[in-house]
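Inspection log for the structure reproduced underneath, given as structure tokens.
Hydrogens, waters and symmetry mates play no part in the numbers below; they use all other heavy atoms, side chains included. Numbering of ligands and ligand atoms starts at 1, following listing order.
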Amino acid sequence: MQSPSSSPSITARTRRADPSDPATLADVLDEAASILREGGLVAFPTETVYGLGANALDHEAVARIFRAKGRPSFNPVIVHLASSAHVGEVARAFPLAAQQLADAFWPGPLTLVLPRSAAIPDIVTAGRDGVGVRVPAHPIAHALLERSGLPIAAPSANAYTRVSPTTAAHVESQLGAAVDLIVDGGSCPVGIESTVVDVTGERPVLLRLGGVPREAIERIIGPIDRITAVPDDDAPRPAPGMVERHYAPQSRLIGFTREQRGEVWGRIAAMVGSGVRVGLIAFDICSAPATTNLLMPSDAQGYAQQLYAALHALDRRGCTVAFVERPPDGPAWEAVADRLRRAGLDAR
Ligand code: TXA
Ligand code: MG
């Protein structure tokens, strides 16, 4: 009989990293660090989403990330560091605005695009002169960076154009055997990706909304322009007239307002009655007739934390359509609105 460890695995190995069990935690981190040093791939939790990590200084290892995700090579990956003291190893300059933002938000959900150093292989930056750098706040991500002694290149650990993972199970279901080890650290506390600010030019520009609100950035460095000329995340290069769609579940998303509840409940009941698997993502799911009813928190941070898990649940439950109650307008909801739009929610 084969022992479990020698049987062919169809999914990646997942190991639980539990801070209340320090001996096992140390063992998991040691294994993860040695896989990274040998050029392998480790999925690990950060405070935003799970990352698919490789040694950022190893071209071949980073190439494996792109293959595992099915990601096109024109899209740069973020380099994660244990602290801002390591910036000089990956960037040749640390402009003042960047230092101010780093002081305010690192460790945390902010990525700064800095002028790259010669140590960074082309594949990491997709040939650009800027390198995306982030110091994550999650204790497991931090411990892995310290233990490996490496800068870790890591995009979100999802398949190309799919919803980012906020649990180890999400990573398993999308990337399975392509990863050498998945470190399970529970669900990610922020739940959406980092805010990306490019500080390589004369004026800082906002490339992606995310975990640090735009308002908080502007309190530190003043008004900031948002540009989307750089293809964001896993997005296929937008062709004219093509809707930008990624972070996307399989189901079609249809928005509704609180006032439309009665009518929407009726539509859902009729669809379910004719055999359609229908999802509902709402602030109140009382007596809702959908196949999968997902209750969302009423505050923007709580909503962001649960959003991707809700989208993953729609996929898991085989929903082909889902009704989404529109979140409020306003700056606090800007990043959530951005992710819902990319997930395919129609404009209001
Ligand atoms: O929260 C996050 O940022 C997560 C965790 C794992 O850190 N990572 C993540 O990586 O979302 P990814 O690859 O899915 O998205 C990275 C974003 C993309 O929008 C990419 O275009 C941008 O950062 N980016 C990375 N490096 C860049 C660079 N050198 N220049 C411009 N944009 C860059
Ligand atoms: Mg991504």
Side-chain angles (χ1 to χ4, degrees), residues 41-54 56 62 65-66 68-81 90-91 105-117 120-138 140-142 144-145 151-166 170-171 174-175 183 185 188-201 204-212 226-238 244 246-248 304 308 335 338-339 342-343:
L41 299 187
V42 174
F44 63 97
T46 80
E47 70 278 27
T48 58
V49 300
Y50 274 71
L52 179 59
V62 178
I65 295 178
F66 283 85
K69 282 182 62 105
R71 181 178 182 151
S73 58
F74 57 71
N75 218 325
V77 292
I78 295 169
V79 175
H80 298 72
L81 303 175
V90 299
F105 304 113
W106 280 356
L110 174 70
T111 296
L112 295 168
V113 178
L114 301 168
R116 74 193 259 201
S117 81
I120 294 297
D122 272 349
I123 189 168
V124 170
T125 68
R128 293 164 187 280
D129 187 45
V131 59
V133 181
R134 179 161 104 80
V135 175
H138 197 290
I140 293 172
H142 180 77
L144 185 56
L145 286 158
I152 300 178
S156 50
N158 53 289
Y160 177 52
T161 76
R162 300 282 300 281
V163 180
S164 295
T166 53
H170 296 158
V171 181
Q174 285 194 31
L175 297 181
V183 179
C188 302
V190 174
I192 57 170
E193 299 84 348
S194 61
T195 303
V196 182
V197 179
D198 184 340
V199 284
T200 57
V205 286
L206 183 58
L207 297 185
R208 179 174 71 180
L209 296 161
V212 177
R226 177 157 180 227
I227 61 148
T228 47
V230 179
D232 190 2
D233 193 72
D234 293 332
R237 285 244 154 118
E244 192 189 22
H246 62 308
Y247 306 100
Y308 290 161
D338 173 77
R339 295 308 191 273
R342 291 166 196 272

Item to check | Check: L145 and H80 side chains under 4.5 Å, non-hydrogen atoms | outcome: yes
Item to check | 4.0 Å heavy-atom contact, R116 with ligand 1 | outcome: no
Next on the checklist: Taking R134 first and then E193, would you say they form a salt bridge - that is, a charged N and a carboxylate O separated by under 4.0 Å?
Outcome noted: no
Next on the checklist: Please tell me whether T48 and S194 have a donor and an acceptor in their side chains that are separated by less than 3.5 angstrom.
Outcome noted: no
Checklist entry - Is the closest side-chain heavy-atom distance between N158 and V163 below 4.5 Å? => result no
Next on the checklist: Please list, in number order, the atoms of ligand 1 under 4.0 Å from a heavy atom of V196.
Outcome noted: 23 (O)
Item to check | Ligand-residue contact atoms, ligand 1 with H80, heavy atoms, under 4.0 Å | outcome: 5 (C), 6 (C), 7 (O)
Checklist entry - For ligand 1, which atoms, with element, lie under 4.0 Å from some heavy atom of L207? => result 31 (C), 32 (N)
Item to check | Interfacing atoms of ligand 1 (cut-off 4.0 Å, heavy-atom, V131) | outcome: 29 (N)
Checklist entry - side-chain contact (heavy atoms from CB on, under 4.5 Å) between F44 and I152: does it pass, once the steps are laid out? => result CA-CA 11 Å; F44 63 97; I152 300 178; 4.0 Å; yes
Checklist entry - What residues form a side chain to side chain contact (heavy atoms under 4.5 Å, CB included) with D122, not counting sequence neighbours? => result R116
Checklist entry - Tell me, do D129 and T200 make a side-chain contact under 4.5 Å, heavy atoms counted? => result no
Checklist entry - So, S156 and the Mg ion (ligand 2): N/O/S under 2.8 Å, yes or no? => result yes
Next on the checklist: If we only consider heavy atoms of G130, is any one of them less than 4.0 Å away from an atom in ligand 1?
Outcome noted: yes
Checklist entry - Can you list the ligand 1 atoms lying under 4.0 Å from a non-hydrogen atom of V113? => result 30 (N), 31 (C)
Checklist outcome for this item: Per-atom filter on ligand 1: closer than 4.0 angstrom to a heavy atom of R128 are 30 (N)
Checklist entry - Can you name the side chain to side chain contact (heavy atoms under 4.5 Å, CB included) partners of S73, sequence neighbours left out? => result none
Item to check | Charged N-O contact under 4.0 Å between R226 and D338 | outcome: yes
Checklist entry - Any idea which part of E193 is under 4.0 Å from ligand 1, heavy-atom wise: side chain, backbone, both or neither? => result both
Next on the checklist: Between ligand 1 and R71, is the shortest N or O to N or O distance under 3.5 Å?
Outcome noted: yes
Checklist entry - Is it true that a side-chain atom of R339 and a backbone atom of G210 form a donor plus acceptor pair closer than 3.5 Å? => result no
Item to check | Close-contact set for ligand 1 against T48 heavy atoms, below 4.0 Å | outcome: 1 (O), 2 (C), 4 (C), 5 (C)
Checklist entry - Could an N or O of ligand 1 be found under 3.5 Å from any N or O of S156, whether backbone or side chain? => result yes
Checklist entry - Hey, is ligand 1 close enough to T46 that some N/O pair sits below 3.5 Å? => result no
Checklist entry - What part of D198, side chain from CB on, backbone N/CA/C/O, both or neither, has a heavy atom under 4.0 Å from ligand 1? => result neither
